[in-house]
J.: 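Please read through the structure below; I'll follow up with questions.
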Amino acid sequence: MDFLNFIDFKITDVLDITLVAILLYYIYKLVRGSVAINIFIGIVIVWGFWKLTELLGMEMISSMVGAFMQVGLIALIIVFQQEIRKFLLMIGSTNFANKRNFIKHFKFLRQEGLTTSLDVDAVIRACEKMGATKTGALIVFARSNSLDFVKSSGDKMYIEITQPIIESIFYKNSPLHDGAAVVENNYITATRVILPVSNERNIPLRFGLRHRAAVGITEKTDAIALIVSEETGDISYVRNGEFVPFGDMEELASMIKEDLI
């Protein structure tokens, strides 16, 4: 029977479905939590309806929806231009040669017991102390995307993470305190880094350039960022271009460890 032909799977069909699932996962990851997620869901629904009408042989409605999908491609490129740019940047700057970095992209496949090499507790203690003295700080943690395109704007370093080192870098009279510090694994690899500033209008007005820079770099890459406010001493955590709330420092430390695995 012809309607049972879809059961006859080939290895190429399995590969096709896997690649589509990975693509949809990446797209969802990029637009998750933003207004674009609603547009993305709408597109999936329209596409599914289009394929259903094709399968049922409803030629008129199928041709109308198909024409809409083709003409709407240009509009989608305009609507999703930031997401497309981030997607291409994420692919182009990912180091797939590193097995651990490769596993980061598929957290559902990661190995049990895999942990980050970063001394998160030292970072948290330094941020707490800087918050108490209202010492401004911006720390960017690299994940799988390369940050070389922003590191070149600052001073290259290779210093192992410790609480005193972090505090000394962002000390108000330190020549290195201005700009961001980039952390890779358990080393500070650049200081005084100039980051791209986000133009997002939804960022609360109480946040300054440090916070906008943190949003900007996490919009364009998969990096995460910690900010200590110079005005209030509050600590903020930014991931995927969004401020992530946390209850206490223990919860913040757990989130950082989870995101860096």
J.: Check this for me: L209, atom CG, are more than 12 non-hydrogen atoms of other residues, nucleotides or ligands nearer than 6.0 Å?
T.: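 Counting neighbours around CG of L209, 12 or fewer heavy atoms of other residues, nucleotides or ligands fall under 6.0 Å, so no.
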
J.: Run the numbers on R125 and Q163 for side chain to side chain contact (heavy atoms under 4.5 Å, CB included), then give the verdict.
T.: CA-CA 7 Å; R125 289 194 302 269; Q163 179 182 343; 3.0 Å; yes

J.: Pick one: which of V244, I224, I227 meets side-chain contact (heavy atoms from CB on, under 4.5 Å) with V238?
T.: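 Going through V244, I224, I227 one by one, the side-chain contact (heavy atoms from CB on, under 4.5 Å) with V238 is satisfied by I227 alone.
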
J.: Return the minimal non-hydrogen interatomic distance between G241 and V215, and the atom names on each side.
T.: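 It is O-CG1, 3.5 Å.
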
J.: With clusters defined by side-chain heavy atoms of hydrophobic residues (ILVMFWY) lying less than 4.5 Å apart, directly or transitively, does F49 cluster with L56?
T.: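 Result: yes, single cluster for both.
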
J.: Is a side-chain donor or acceptor of R239 paired with a backbone partner of T218 at a separation under 3.5 angstrom?
T.: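 It does not hold such a pair.
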
J.: Please name the pair of heavy atoms, one in I139 and one in C127, separated by the smallest distance, quoted to 0.1 Å.
T.: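 Shortest heavy-atom separation between I139 and C127 comes out as CD1-SG, 4.3 Å.
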
J.: Between S153 and V193, what is the shortest heavy-atom contact and its length?
T.: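 Closest pair (atom of S153, atom of V193, distance): OG-CG1, 3.7 Å.
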
J.: Can you tell me how the ring of F243 sits relative to the ring of H211, calling it parallel under 30°, perpendicular over 60° and tilted otherwise?
T.: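 F243 vs H211 ring planes: tilted.
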
J.: Are I188 and L260 linked, directly or through other ILVMFWY residues, by side chains that come within less than 4.5 angstrom of each other?
T.: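 As far as the 4.5 Å side-chain criterion goes, L260 and I188 are connected within one cluster.
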
J.: Should Y237 and L226 count as side-chain neighbours, where that means a heavy-atom distance under 4.5 Å?
T.: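 Yes, their side chains come closer than 4.5 Å.
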
J.: For the OH atom of Y158 and the CD atom of E184, what is their distance to the nearest 0.5 Å?
T.: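 Between atom OH of Y158 and atom CD of E184 there are 9.0 Å.
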
J.: Verify, without hydrogens or angle tests, whether N185 (side chain) and S117 (backbone) share a donor-acceptor contact under 3.5 angstrom.
T.: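 Pair absent, no side-chain N/O of N185 close to backbone of S117.
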
J.: Atom OG in S174, atom CD1 in I169: separation rounded to 0.5 Å?
T.: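 It is 7.5 Å, given to the nearest 0.5 Å.
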
J.: So if you build clusters from Ile, Leu, Val, Met, Phe, Trp, Tyr with side-chain heavy-atom gaps below 4.5 Å, do V120 and I235 land together?
T.: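 Yes; I235 is reachable from V120 via cluster members.
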
J.: First locate atom OG1 of T191, then atom CG of D178, and finally report the distance between them rounded to the nearest 0.5 Å.
T.: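 CG of D178 is found 10.5 Å from OG1 of T191.
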
J.: Report the distance from atom CG of L252 to atom NZ of K257, rounding to the nearest 0.5 Å.
T.: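 Answer rounded to 0.5 Å: 10.5 Å.
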
J.: Would S144 and D222 count as having a side-chain donor-acceptor pair, cut-off 3.5 Å?
T.: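 Looking only at side-chain atoms, D222 and S144 do form a donor-acceptor pair, the distance falling under 3.5 Å.
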
J.: Would you call V140 and V183 a side-chain contact if the rule is heavy atoms closer than 4.5 Å?
T.: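 No, side chains not in contact.
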
J.: What is the minimum heavy-atom distance between A142 and A223, and which atoms define it?
T.: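 Looking at all heavy atoms of both residues, the shortest contact is CA-CB, 4.5 Å.
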
J.: Would K156 and T189 count as a side chain to side chain contact (heavy atoms under 4.5 Å, CB included) if you check the C-alpha gap in whole Å, the side-chain angles of each, and the deciding distance to 0.1 Å?
T.: CA-CA 6 Å; K156 291 187 178 181; T189 56; over 6 Å; no

J.: Rounded to the nearest 0.5 Å, what's the gap from CD on E231 to CZ on F207? Could you check?
T.: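 Rounded to the nearest 0.5 Å, the CD-CZ separation comes to 11.0 Å.
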
J.: To the nearest 0.5 Å, how far apart are CZ in R212 and OG in S198?
T.: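 If I round to the nearest 0.5 Å, the distance is 6.0 Å.
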
J.: Would you check if E59 and E54 make a side-chain contact, meaning some heavy-atom pair closer than 4.5 Å?
T.: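 A side-chain contact under 4.5 Å is absent here.
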
J.: Looking only at non-hydrogen atoms, find the nearest pair between V228 and T135 and report the distance.
T.: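 Scanning both residues completely, I find the closest heavy atoms to be CG1-O, 3.3 Å.
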
J.: Provide the closest heavy-atom pair for M130 versus A137 in the form atom of the first, atom of the second, distance.
T.: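 Residues M130 and A137, closest heavy atoms: CE-CB, 3.7 Å.
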
J.: Could you walk me through whether L118 and F141 satisfy the side chain to side chain contact (heavy atoms under 4.5 Å, CB included) test, starting with their C-alpha distance in whole Å, then the side-chain angles of each, then the deciding distance to 0.1 Å, before giving a yes or no?
T.: CA-CA 9 Å; L118 175 69; F141 302 91; 3.6 Å; yes

J.: Distance-only, no hydrogens or angles: does the S168 side chain make a donor-acceptor pair with backbone N or O of P164 under 3.5 Å?
T.: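 It does hold such a pair.
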
J.: Is any side-chain heavy atom of T53 closer than 4.5 Å to a side-chain heavy atom of M64?
T.: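 Result no, sub-4.5 Å side-chain heavy-atom pair not found.
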
J.: Does the D248 side chain pair with the main chain of E250, one donor and one acceptor, at a distance under 3.5 Å?
T.: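 Yes, D248 side chain to E250 backbone: donor-acceptor pair under 3.5 Å.
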
J.: So, does E251 use its side chain to make a donor-acceptor pair with the main chain of G247 at under 3.5 Å?
T.: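 The answer is yes, because a donor-acceptor pair under 3.5 Å joins these two groups.
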
J.: Report the C-alpha separation of I17 and L19 in whole Å, then their side-chain angles, then the decisive distance to 0.1 Å, and conclude whether the side chain to side chain contact (heavy atoms under 4.5 Å, CB included) test is met.
T.: CA-CA 6 Å; I17 293 172; L19 291 175; over 6 Å; no

J.: Applying a strict under-4.5 Å side-chain criterion to I, L, V, M, F, W and Y, I'd like to know whether I166 and I124 cluster together.
T.: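 The answer is yes; both residues are in one hydrophobic cluster.
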
J.: Indicate yes or no: does R192 engage D155 in a salt bridge with an N to O separation below 4.0 Å.
T.: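 Salt bridge between R192 and D155, a charged N being under 4.0 Å from a carboxylate O: yes.
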
J.: Report whether L147 and I194 are members of the same hydrophobic cluster (ILVMFWY, side-chain heavy atoms less than 4.5 Å apart, transitive linking).
T.: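 Different hydrophobic clusters.
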
J.: Heavy-atom count around F246 CZ within 6.0 Å, excluding the residue itself: above 12?
T.: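 Atom CZ in F246 is crowded, with more than 12 foreign heavy atoms closer than 6.0 Å.
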
